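Letters A, B, ... mirror the listed sequences (proteins, then strands); counts begin at 1. Quantities reported herein were computed from a predicted structural model and do not represent experimental measurements.
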Number of protein chains: 2
Amino acid sequence: MQKLDESLLTGLPPFSRLDRGQIREILDKSTSRRYEEGAEIFHEGHDAERFFLLLDGYLRVIRSTPGGDQVIVLHISPGQLFGIAPALQRTTYPATAVAAAESIALSWPVHLWQPFVTAYDGFATEGYKTLGQRLGEIQTTLTEMATQAVEQRVAAVLLRMVNQSGQKTEDGIAIGFPVTRNNISEMTGTTLHTVSRLLSAWEKDGIVRSTRKRIVVTDAHRLVLISEPRG
Amino acid sequence: MQKLDESLLTGLPPFSRLDRGQIREILDKSTSRRYEEGAEIFHEGHDAERFFLLLDGYLRVIRSTPGGDQVIVLHISPGQLFGIAPALQRTTYPATAVAAAESIALSWPVHLWQPFVTAYDGFATEGYKTLGQRLGEIQTTLTEMATQAVEQRVAAVLLRMVNQSGQKTEDGIAIGFPVTRNNISEMTGTTLHTVSRLLSAWEKDGIVRSTRKRIVVTDAHRLVLISEPRG
DNA sequence: CGCGAACGTTGCTCTTACTCAAACTTGCGG
DNA sequence: CCGCAAGTTTGAGTAAGAGCAACGTTCGCG
């Protein structure tokens, strides 16, 4: 366990109401770990032994089908709690978490969840707020999936990633972590072929620019138009 | 507000750890209401002023798209808490709840959520358990939507409704509330035409039997086979 | 620096299921 | 009991996108 600075947590919602001493306590009970791109943080169906906070990097949360297909359910950004199965009285993780880029996460054993909730004001509140947002997001994704054409879904997903992790560059906004065509197909319920064709077409139109695993949105406004229903 | 019997709540998970006195307190603060089939309990985007418990009937939880399409996100069965936006620090309802059959629900003003959580042991626990299950269900639906063909999705949805509300009849298991072809299409992201064709074909094969708004599954086993990927 | 794996592109074919259209059935309210 | 509305069925044409196949490109590693 490496040496950690209180300032890491000070600004984050789950801890914003706490003083330095309390944050020190929380940190002292935590384990910090670094994950390579592609590394698994936890696996669907395994016993939920710890809950996590992402300090740096990005994660994909994945569900697998019996048929071997994978679906990316959501992404986790820095500052978010995740793997909080204990908060929902679950004993196993309902999905798998994989590092989309090199990432750093803190974690605590599940038996500390309840003590944290009672000891630290606002901790539970913020945890459940995250959960509420997540539920809303997934419902939105589901709704898109049910009503929109593939092209609109792919556009929407690009915009969502840009909003969550976008970094300004000279010629547009870059998605802040590596994404393959296949990843996008797993977010939108299509094939990597169709995604590739769409990106090629958009690149020709000057809407995006991409290299292997990296995508820059150069004309977000037009992408919004594409993502809208009956546009 | 009509007269209510404590026995209504005694068996339900959110209240199972409470004594008669506590249940009386909770009931006294509640409002009971009856909803006709098709009636709205609350509407997407409106201020979340109350939280609910379904006593009898079935509800559909719906999201609408800007394009006017509707998607049925999940169903609520008797005994479940719903509209618990306050638990997730939300100030508006993220979806619309509609009675799928004639239903009865209790409700309380949101400002009672926090007091209930602190005063009644196990109340929060059970509420969040419900939420965790719901999150898992929606993820499953999303995964199906992304990876399965229409026929498999429709079969899966029928089985889910049967599991949730099935009633034994002479020749099979009936779904316990009215369902139209259009309803099923809104659960599976297809059209009522396709659903109608599938049901007709299955009826010919002796897998289901249906009349207007009523569906009986006569051969659940074969429906399971259909619902399985790469079957 | 060269090989191999992972990632990406593109063309073609073929099927699924959406769209449009029309008619039929059931049940309710006047 | 009639008429209308809501729900259902069926047919025919079409297009979106999946599946298959082959090839091109990039990058990391020995």
Side-chain angles (χ1 to χ4, degrees), chain A residues 36-38 65 67-71 98 100-102 144-155 157-158 175 177-205 208-216 226 229-231, chain B residues 36-38 65 67-71 98 100-102 144-155 157-158 175 177-205 208-216 226 229-231:
Chain A
E36 302 285 344
E37 182 183 332
T65 67
D69 294 309
Q70 299 203 322
V71 177
V98 172
E102 183 167 335
E144 278 173 13
M145 208 76 145
T147 62
Q148 320 264 74
V150 169
E151 184 177 26
Q152 299 165 344
R153 302 205 300 266
V154 173
V157 152
L158 284 185
I175 292 171
F177 50 88
V179 202
T180 66
R181 311 292 184 262
N182 196 35
N183 288 331
I184 296 177
S185 77
E186 289 170 354
M187 288 176 236
T188 51
T190 180
T191 62
L192 73 165
H193 307 278
T194 300
V195 173
S196 178
R197 281 181 239 272
L198 285 171
L199 287 181
S200 296
W202 290 340
E203 184 138 14
K204 208 167 293 168
D205 291 353
V208 302
R209 210 172 43 71
S210 72
T211 61
R212 168 178 267 234
K213 284 196 177 198
R214 292 283 166 186
I215 300 177
V216 180
I226 292 172
R230 20 201 120 265
Chain B
E36 301 287 344
E37 181 183 332
T65 67
D69 294 308
Q70 299 203 322
V71 177
V98 173
E102 182 167 333
E144 278 173 15
M145 208 77 146
T147 63
Q148 320 264 73
V150 169
E151 185 178 25
Q152 299 166 342
R153 302 206 299 266
V154 173
V157 151
L158 284 186
I175 292 171
F177 49 88
V179 202
T180 66
R181 310 292 184 261
N182 196 35
N183 289 149
I184 296 178
S185 77
E186 290 169 354
M187 288 177 235
T188 50
T190 181
T191 63
L192 74 164
H193 308 277
T194 299
V195 173
S196 177
R197 281 182 238 270
L198 284 172
L199 288 181
S200 296
W202 290 341
E203 186 138 13
K204 209 166 294 167
D205 292 352
V208 303
R209 212 173 41 72
S210 72
T211 61
R212 168 178 270 230
K213 283 197 178 196
R214 291 284 167 185
I215 300 177
V216 180
I226 293 172
R230 19 201 121 266

Without decimals, in angstroms, what is the distance between [X] [atom1] and [N] [atom2]?
X        : N      : atom1 : atom2 : result
B:Arg212 : D:dA6  : CZ    : P     : 10 Å
B:Glu36  : C:dC28 : CD    : C1'   : 14 Å
A:His193 : D:dA18 : NE2   : P     : 9 Å
A:Arg214 : C:dC7  : CZ    : C1'   : 14 Å
B:Asn182 : C:dC18 : CG    : P     : 13 Å
A:Glu186 : C:dC7  : CD    : P     : 11 Å
A:Glu37  : D:dC27 : CD    : P     : 13 Å
A:Glu151 : D:dA16 : CD    : C1'   : 11 Å

Measuring to OP1 and OP2 of [N], would you say a side-chain N or O of [X] lies under 4.0 angstrom away?
X        : N      : result
A:Thr194 : D:dA18 : yes
A:Ser196 : C:dT9  : yes
A:Ser200 : C:dT10 : yes

Any non-hydrogen side-chain atom of [X] less than 4.5 Å from a side-chain atom of [Y]?
X        : Y        : result
B:Trp202 : B:Val154 : yes
B:Thr190 : B:Leu198 : no
B:Met145 : B:Arg153 : yes
A:Thr180 : A:Leu192 : no

Q: Name the nucleic acid region contacted by A:Thr190, choosing base, sugar-phosphate or nothing; use a 4.0 angstrom heavy-atom cut-off, strictly under.
A: sugar-phosphate
Q.
For a quick check of understanding: with a heavy-atom distance under 4.0 Å over all strands, which category does A:Leu192 fall into, base, sugar-phosphate or nothing?
A. nothing
**Q.** Donor-acceptor pair present, A:Arg197 side chain and C:dG11 base, under 3.5 Å
**A.** yes
**Q.** Heavy-atom donor-acceptor pair, B:Arg181 side-chain to D:dT8 base, under 3.5 Å
**A.** no
**Q.** Side chain of B:Val150 - closest among C:dA17, D:dT8, C:dT19
**A.** C:dA17
Q) Of the nucleotides C:dC7, C:dT19, C:dA17, which has the atom closest to the B:Thr191 side chain? A) C:dT19
Q. Taking all non-hydrogen atoms of both residues, which atom of B:Ser210 and which atom of B:Arg181 are closest, and how far apart?
A. OG-NH2, 3.0 Å
